[in-house]
Amino acid sequence: MNTKEIESKWQKYWEDNNIFVAKNNSDKPKYYYLVEFPYPSGSGLHVGHVRSYTALDAMSRKKRMEGYNVLFPIGWDAFGAPAEQYAIKNHIHPKEAVKENIKVFKQQVKNLGISFDWSREFSTTDPEYYKWTQWQFLKFFEHGMAYKAKKDINWCPVCKTGLSNEDSSGGVCERCGSKVVQKEKEQWMLKMSDYSQKLLDGLADTEFLDRIKIAQINWIGKSEGAEVDFDLTVNDKLKVYTTRPDTLFGCTFMVVSPEHPILEKYADVIKNIKEIREYQKKAKEKTEFERTELVKEKTGVKIEGIEAINPLNGNKIPLFTADYVMMHYGTGAIMAVPAHDERDYEFAKKFNMPIIEVIKGGESLPYTGDGEMINSDFLNGIKTKKEAISKMIDVLESKKIAVRKTNYKLQDWIFSRQRFWGEPIPLVYCEKCGWQAVPYDQLPVLLPDVAHYEPTDDGESPLANITEWVNTTCPKCGGPAKRETDTMPNWAGSSWYYLRYMDAHNDKEFVSQEALKYWGMVDYYNGGMEHATRHLLYARFWHKFLYDIGLVPTKEPFKKRVAHGMILGSNGEKMSKSKGNVINPDDMVNKYGADALRCYEMFIGDYSQDAAWSDAGLNGCRKFLDRIVRLKDKVVDDNKYSSNLEILINQTIKKVTNDLDNMKYNTAVSSLMILLNEYEKQDKITKEDYHILLILLNPISPHITEELNEQCGFNPICLSKWPTYDENKLENDSYELVVQVNGKVRGKIEVNTDTSEEEMENLAKNLDNVKKYIENKEIVKIITIPKKLVNIVIK
RNA sequence: GCUUGUGUGGCGGAACUGGUAGACGCGCACGACUCAAAAUCGUGUGGCUUUUGGUCAUGUGGGUUCGAUUCCCACCACAAGCACCA
């Protein structure tokens, strides 16, 4: 039988016998493995998918054999811009495009023999699924967590469409190449920032990899400081946020963001308002890219006619507006301390502002640490940052001009997209009653079938053009109303899909409480590093909100989160069509077989590290499997391990078991290669020797091992128990003792395991090559490591 | 700039808690089989060397230690993410 036939035979067997279908009630302990569900793009499966799917598949298969009720599901994340653009270009409905792509993807995944539970499959674009996405959005709305706000978006004036940051990188529209500008739009927002602290604290309940935790912590960006009020010469106050209030005596000017309301409020007082308006306009035209990457040089305009007053010494301080201060962080205004802040320093140099040192040690940044306070009145002489900050805040608080304040970089979630291919936001606007939720019994709000998906001229979603859909009645007063035409972002559907898998076809609830209780948290979640911040934070936020309103029983969705490395092209660069280094998994399956491809991707290197593709390496794994097939000729009927192989077999069981548990797939494969090498040296091996090799390799290369196993007359491996090893049979009765002189290896002796330390030393000293070195030398000491080495230290 | 990660043969990569650096695989060389090639099998394979031995070698430079790829300090290179966050 050839590879293809064997693979489809066993894939059919698993499917026909529901081997991988998880039960929602079982006496067995549960375990939930999750891979990030794929975006079914037109280009098909990537070899990177093969890596992570195989890895978790191997774990799942082993866990089932260990007696667990394993949930290992798969679905499709199919809303979003790529599908929409594909549809616009090819003049087909995105629904149809998605259907086609899923079909292709599904076949590709099935050809790999991944043990997914297909009975729970769904797509985020199924009305039966997005009904519940909309339902949950209404929960946010009901609890005051959704609100509308004006936000700047990246806007391509030629395509007349909003762009994501990725599609506008370099300040240029990805599609037409024209310059991207900032345009203000009304957008639905979710109050994610309310959850900043909870998202931070919740990490303690997880076992995410450290680097993933760190990425989340940095993204949330907590900082502690104070808000300080500065009096203005116009009988008003300016509130600033600072993490270093202790440097207040070093403040020589202040800066507000170009969007700061104070500029409009005192437009008639500001003498150079024209100049300022000009600057505001320019700042708005700048894209995020220009504002950060291109223009490092500070720009700004002095605000003539208003000054601030230092609350401690009454000094008048000039006021500027500059775009290096962001409106969306802190209060949109800062006290500039040029002696100790690099940005303020650059600005001061350019605009000739005075620089007053308040921390001894020169132009060090405030963050660099402790230093003695100078030029600071009551703080003079204090030597630690902590004490100085604390004393300053006490003084300011007693004068009621400051409060302690914690800030987060994490912002609210912009939840609107002006696109066709997304979940409609289930709200209607009534002139009389304002925004109203679509009643729950009217969900889902279906995407209408239309012929054109292009955005409107003013950048509204194409849905805005479908008047018969937009015009509706107000659920509250029954009068005329209009539907919200924005749709949800891609991140919405992916924020709760892991819950839906628990109860994928429930048409009464988004997921039943029994299913939630039974499956609990996802035990093991694998995904790319690129999702370690956004997706993972959105999903955690979503889940925590559901928990707070009593809809899910756990505070966190995922127990453990791991990340795989990328598979790079054979030139070591990221695979891309333009570089011509893309490997199509189908081609590899056809040429080498799914088992060899899976084995190779596990063997390619450390799972969490990037690895470059090599056809030759894949062929090596093909040869490894072929050798196992040929090995069958040496098998003789015997139901015990060969006595001379027993130790190695037990060691290999231990090694493979531990390695699969710890994502060390590459060394698991190599230990099986070592076992095979040893088998091949024998004239005969027993059936049981062969059997154990097949079982241990099965999670990685399941088809060929099942086939050979069947040919030997054993029960299917997928229904067997994972093997255990005998603790007493892990050690040989002799080992190679290493003898060193001054840390350098000078000899090796084969000795019995029970050789005493004294004997070890004697044997070592009597080695000819060792004698040479220690003759006529003083032995300072001898270090003896049992079962390892003897090191003789001489002078 | 900041954060994180990574630097080991010709290549992918191993190395437990500080204890033989280079497991395993690829590639390469030679040999066997073959008319021949492929496949397969066998042997060898870090550099240098006076080769049963010696010596150098895990990005660079220091340090701790009987002993360092592993721990500490400083630096260099590459990759990814964030990016004027006060």
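Below, chains carry the letters A, B, ... as their sequence lines are ordered, and counting in each starts from 1. Bear in mind that the values here come from a model prediction, so they are computed numbers and not experimental data.
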I'd like to know whether S257(A) forms a side-chain contact (heavy atoms from CB on, under 4.5 Å) with Y324(A), so could you lay out the CA-CA distance, the side-chain angles of the two residues, the decisive distance to 0.1 Å, and finally the verdict.
CA-CA 7 Å; S257(A) 146; Y324(A) 81 94; over 6 Å; no
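The phosphate of C41(B) (OP1 or OP2) has a side-chain N or O of R630(A) nearer than 4.0 angstrom. The shortest distance between the side-chain N/O atoms of N218(A) and the OP1/OP2 oxygens of A83(B) is not below 4.0 Å. Residue S223(A) places at least one side-chain N or O closer than 4.0 Å to OP1 or OP2 of A86(B). One finds a side-chain N or O of Y329(A) lying less than 4.0 angstrom from the OP1 or OP2 phosphate oxygen of A86(B). OP1 or OP2 of G54(B) sits under 4.0 Å from a side-chain N or O of Y773(A). Within the 4.0 Å cut-off from OP1 or OP2 of C66(B), at least one side-chain nitrogen or oxygen of K781(A) is found. Side-chain nitrogen and oxygen atoms of R746(A) include none within less than 4.0 Å of the OP1 or OP2 phosphate oxygen of U20(B). Look at N666(A) and you'll find a side-chain N or O under 4.0 angstrom from OP1 or OP2 of A14(B). For K744(A), a side-chain nitrogen or oxygen approaches OP1 or OP2 of C56(B) to under 4.0 Å.
On the C1' atoms, U34(B) is 10 Å away from A38(B), given to the nearest whole Å. As rounded to the nearest Å, A83(B) and G13(B) have P atoms that lie 30 Å from one another. On the P atoms, G18(B) is 24 Å away from G62(B), given to the nearest whole Å. Using C1' as the reference atom, C28(B) and G10(B) are 8 Å apart when rounded to the nearest Å. Between G59(B) and A77(B), the two P atoms lie 16 Å apart (nearest whole Å).
Within 4.0 Å of D626(A), counting heavy atoms only, lies no atom of the nucleic acid at all. Counting non-hydrogen atoms under 4.0 angstrom, E736(A) reaches a base of the nucleic acid. Within 4.0 Å (heavy atoms only), I604(A) reaches sugar-phosphate atoms of the nucleic acid but no base atom. At a threshold of 4.0 angstrom between heavy atoms, the contacts of N677(A) are confined to the sugar-phosphate backbone, with no base atom among them. Residue contacts for N407(A): at a heavy-atom cut-off of 4.0 Å it reaches no nucleic acid atom on any strand shown. At a threshold of 4.0 angstrom between heavy atoms, the contacts of V793(A) are confined to the sugar-phosphate backbone, with no base atom among them. Backbone-only engagement by K772(A) is indicated by non-hydrogen atom pairs under 4.0 Å involving sugar-phosphate atoms exclusively. Nucleic acid contact class of K664(A) (heavy atoms, under 4.0 Å, all strands): sugar-phosphate only. Among the protein residues, A616(A) comes within range of the sugar-phosphate backbone only, with heavy atoms under 4.0 Å from sugar or phosphate atoms but none that close to a base. Within 4.0 Å (heavy atoms only), S614(A) reaches no atom of the nucleic acid at all. Contact annotation for D610(A): backbone-only contact, meaning every heavy-atom pair under 4.0 Å involves sugar-phosphate atoms and none involves a base. Using a 4.0 Å heavy-atom criterion, one finds that G330(A) contacts no nucleic acid atom at all. Within the 4.0 angstrom heavy-atom criterion, no nucleotide atom of any strand lies near R622(A).
In G9(B) the O4'-C1'-N dihedral to the base is within 90° of 0, which defines a syn nucleotide.
When each of C82(B), G54(B), G19(B) is scored by its nearest atom to the side-chain atoms of L789(A), the top-ranked nucleotide is G19(B). Taking every side-chain heavy atom of D606(A) into account, A14(B) is the closest of A14(B), U3(B), U20(B). The side chain of K623(A) lies closest to U40(B) when the candidates are U20(B), G19(B), U40(B). Closest to the side chain of V325(A), from the set U55(B), G19(B), A86(B), is A86(B). Distances from the side chain of I674(A) to the nucleotides G13(B), A23(B), U20(B) place A23(B) closest.
Figure legend: K787(A) and Y735(A) shown without cation-pi pairing, the cationic atom not lying both under 6.0 angstrom from the six-membered ring centre and within 45 degrees of its axis.
Atom pair L631(A):CG and U40(B):P shows a separation of 15 Å (rounding to whole Å applied).
Residues I393(A) and P245(A) approach most closely at CG1-CG, 3.7 Å, considering heavy atoms.
You won't find any donor-acceptor pair under 3.5 Å spanning the side chain of K409(A) and the base of C82(B), going by distance alone.
Annotation: side chain of Y665(A) is not in contact with side chain of D659(A) (no heavy-atom distance under 4.5 Å).
Electrostatic pairing of E36(A) and R561(A) counts as a salt bridge here, judged by a charged N lying under 4.0 Å from a carboxylate O.
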